[in-house]
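Only one structure is covered here, and it is reproduced in the block below.
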Amino acid sequence: MDAFETSVEATIARWFAIEPPNAAGKRLAAELAATISAFEALRGSLVFEDEPSSFEAALQATKEGA
Amino acid sequence: MAGLADITLIEAADMVATGKATSLDLLRACWANLDAVNPHVNAVIWQEREQAETAAKAADEAVRSKQRLGPLHGVPMAHKDMYYQAGKLSTCGSALRKDFRPAVTATVIERLSAAGAYTFAGLNMAEFAQNPTGHNKTFGNCHNPWNLPYVTGGSSSGSGASVAARFNFMALGSDTGGSIRLPASACGVTGLKPTQTRVSRYGVMPLSFSHDNVGPLARTARDCARVLTVIAGHDPLDPTSAREPVPRYESAMDGDLRGVRIGVPINVFLDGADEPVVAAIEAALLVLTGRGATVTRLELPLMDAVAAYGGIVSRVEAAPIHAEWMRSDPQAYGAHISARMYPGYAIPAAYYVQALSRRGPVLKAFAAEVFSKVDVLVTPTIRTCLPTLEETDIDHGPPGTEHKFMALSANTRPFNYLGLPAISVPCGFDPNGCPIGLQIAGRPFGEGRILQVAGAYQADTRWHWQRPPILAAAA
């Protein structure tokens with residue numbers, strides 16, 4: 001087990017007292033590295049003038065016929 | 001041979017209202033198919049036949065006594081087993097809730113009842129609505145009526161299979177990442193995920209409050225339009241439900257697509273697509289252009305952001321709901337359910353808040369670029385030929401099975417983060433005899449538009465009328 005997996009499992013155990021339920025759970029927890037990479041790739045690439053803003057307002061602003 | 005259970009929801013309601021058939025006739029026709037085929041497909045997990053018969057007779061008496069009838073009068077229904085009815089079983093597909101009897105009734109059930117429909121059974125589903133395949137450790141896997149070893153799609157597995165196998169004229173499903181559209185596609189029926197906030201979720205088992213949607217699976221787009229008109233609209237019991245007016249969705253389904261601009265994404269949605277699926281989509285586009293629509297191939301913006309942000313919202317929101325059970329009884333879940341929930345506990349709150357706070361701006365930027373060019377988007381609902389239950393069985397399969405499992409919902413998940421309405425209609429069959437689905441997505445509150453396109457497509461095609469061969473074999 002690498003350091004990342006160990007830290008993910010330790011974090012979940014410390015904050016929630018939940019242990020890995022099975023081997024697939026361990027594998028999917030390790031894949032959080034890909035989630036981090038996806039967020040890293042977006043850093044600095046998106047600039048929104050109205051961030052944060054309401055999703056419900058965006059639904060209204062972009063709706064059919066608006 | 002086709003029978004009374006093969007007609008559409010609207011035809012069923014019309015036949016009862018005009019006295020051409022009784023509600024009891026409809027119910028018994030559904031039961032005949034259910035008795036013959038459910039032992040093979042396992043779409044229905046509980047029934048209330050006595051109560052249903054009483055409801056059918058009351059509906060028939062209302063017709064005889066010329067009472068005012070609702071738009072779904074006398075139509076028997078069964079729904080995904082997560083729509084609460086006070087005092088009745090609602091298992092949510094899990095051993096953890098196998099005896100759960102809620103104290104409240106879902107607003108959508110109240111609205112269907114007010115329109116004259118009644119419920120006769122509970123339908124199989126993924127545990128807590130959390131898989132795209134139809135696996136279920138507690139109630140048994142749901143099997144595709146077209147080819148039993150193949151997945152039904154999920155999580156509304158029993159909803160798709162029961163409508164396909166003619167147990168049911170319409171079933172409610174729920175859609176958090178594709179759970180209405182996937183079983184609609186895999187089972188060869190029509191399934192509509194409305195705009196986020198369009199339909200009340202009061203009394204419906206929660207999975208992810210930002211992404212959960214309620215909607216119908218039925219024979220046709222017109223059936224879905226009838227149901228949406230009944231169930232949509234603001235509900236004081238669900239403050240997140242929109243106050244947007246509800247049109248009569250059937251009225252815009254005139255079959256005329258002149259002036260409708262169809263967009264076909266050239267990125268993401270066809271990556272790794274199987275040839276029979278691509279061919280079916282191209283054939284469907286010809287049908288739509290034959291009705292007057294124009295087609296534009298375009299690159300969709302912000303897909304990396306949609307995938308990254310959308311990919312964590314459901315996982316994080318499911319985590320606190322299940323934390324107590326994940327601590328006290330994790331083995332009560334199927335391994336694939338607990339395995340997929342487990343990483344959600346490690347995703348930082350700052351990531352989650354970023355994903356939610358950017359949802360509005362991402363939608364606005366996406367809509368500005370895409371809907372200035374096209375009115376609807378057309379994609380395969382599922383990119384590949386259907387896999388088997390065995391090929392996607394994380395609980396018993398080798399490492400890596402989870403990737404095949406998750407690939408099923410790759411084309412449906414983006415529209416949950418964006419909150420857009422989307423419908424899946426049958427558009428062909430793969431070499432294994434399993435249905436292929438065409439996904440049509442539109443602008444927020446543009447259900448009328450996507451129903452118009454879907455209805456026009458079904459006016460010129462017969463895919464939605466095809467019957468699974470098992471019906472004839474079991475008769």
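Everything numeric here is computed off the predicted structure, so don't read it as measured data. Note on naming: letters A, B, ... go to the chains in the order of the sequence lines (proteins, then strands), and numbering restarts at 1 for each one.
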Subject >> chain B contact via A:A17 - side chain, backbone, both or neither, heavy atoms under 4.5 Å >> reply: both
Subject >> Max heavy-atom pair count under 4.5 Å with chain A, selected residue of B:A308, B:A367, B:P361 >> reply: B:P361
**OP:** Could you pull out the closest heavy-atom pair between A:G25 and B:A339, with the gap in Å?
**Re:** N-CB, 3.3 Å
Give me a line-by-line list of donor-acceptor atom pairs from chain B to chain A that are under 3.5 Å apart, or tell me none exist.
{"from": "B:E244", "atom 1": "OE1", "to": "A:Q60", "atom 2": "NE2", "distance (Å)": "3.1"}
{"from": "B:E244", "atom 1": "OE1", "to": "A:K63", "atom 2": "NZ", "distance (Å)": "3.1"}
{"from": "B:E244", "atom 1": "OE2", "to": "A:K63", "atom 2": "NZ", "distance (Å)": "3.1"}
{"from": "B:R315", "atom 1": "NH2", "to": "A:T35", "atom 2": "OG1", "distance (Å)": "3.4"}
{"from": "B:R327", "atom 1": "NH1", "to": "A:F16", "atom 2": "O", "distance (Å)": "2.6"}
{"from": "B:Q331", "atom 1": "NE2", "to": "A:P21", "atom 2": "O", "distance (Å)": "3.2"}
{"from": "B:A335", "atom 1": "O", "to": "A:N22", "atom 2": "ND2", "distance (Å)": "3.2"}
{"from": "B:S338", "atom 1": "OG", "to": "A:N22", "atom 2": "ND2", "distance (Å)": "3.2"}
{"from": "B:R358", "atom 1": "NE", "to": "A:E51", "atom 2": "OE1", "distance (Å)": "3.1"}
{"from": "B:R358", "atom 1": "NE", "to": "A:E51", "atom 2": "OE2", "distance (Å)": "2.8"}
{"from": "B:R358", "atom 1": "NH2", "to": "A:L46", "atom 2": "O", "distance (Å)": "3.2"}
{"from": "B:R358", "atom 1": "NH2", "to": "A:E51", "atom 2": "OE1", "distance (Å)": "3.1"}
{"from": "B:K364", "atom 1": "NZ", "to": "A:D50", "atom 2": "OD2", "distance (Å)": "2.7"}
{"from": "B:E402", "atom 1": "OE1", "to": "A:R27", "atom 2": "NH2", "distance (Å)": "3.2"}
{"from": "B:E402", "atom 1": "OE2", "to": "A:R27", "atom 2": "NE", "distance (Å)": "2.8"}
{"from": "B:H403", "atom 1": "NE2", "to": "A:E31", "atom 2": "OE2", "distance (Å)": "2.9"}
{"from": "B:R443", "atom 1": "NE", "to": "A:T62", "atom 2": "O", "distance (Å)": "3.0"}
{"from": "B:R443", "atom 1": "NH2", "to": "A:T62", "atom 2": "O", "distance (Å)": "3.2"}
{"from": "B:P444", "atom 1": "O", "to": "A:E64", "atom 2": "N", "distance (Å)": "2.9"}
{"from": "B:R449", "atom 1": "NE", "to": "A:E64", "atom 2": "OE2", "distance (Å)": "3.1"}
{"from": "B:R449", "atom 1": "NH2", "to": "A:E64", "atom 2": "OE2", "distance (Å)": "3.3"}

**OP:** Counting only heavy atoms closer than 4.5 Å, note whether A:L59 contacts chain B via side chain, backbone, both or neither.
**Re:** both
**OP:** Can you tell which part of B:A365 gets under 4.5 Å to a heavy atom of chain A, answering side chain, backbone, both or neither?
**Re:** side chain
**OP:** For residues B:I394 and A:A24, report the shortest heavy-atom separation together with the two atoms involved.
**Re:** CG2-CB, 3.9 Å
Subject >> ring pair (Phe, Tyr, Trp, His ring centres under 6.0 Å): pairs with one or both residues in residues 44-66 of chain A, sequence neighbours excluded >> reply: none
Original post:
Side chain, backbone, both or neither: which part of B:V362 has an atom under 4.5 Å from a heavy atom of chain A?
Top reply: both
**OP:** Please flag which part of B:L418 lies under 4.5 Å from any non-hydrogen atom of chain A: side chain, backbone, both or neither.
**Re:** backbone
**OP:** Below 4.5 Å from any heavy atom of chain A, which atoms of B:F371 appear? Answer side chain, backbone, both or neither.
**Re:** neither
Original post:
Taking all non-hydrogen atoms of both residues, which atom of A:L32 and which atom of B:A346 are closest, and how far apart?
Top reply: CD1-CB, 3.7 Å
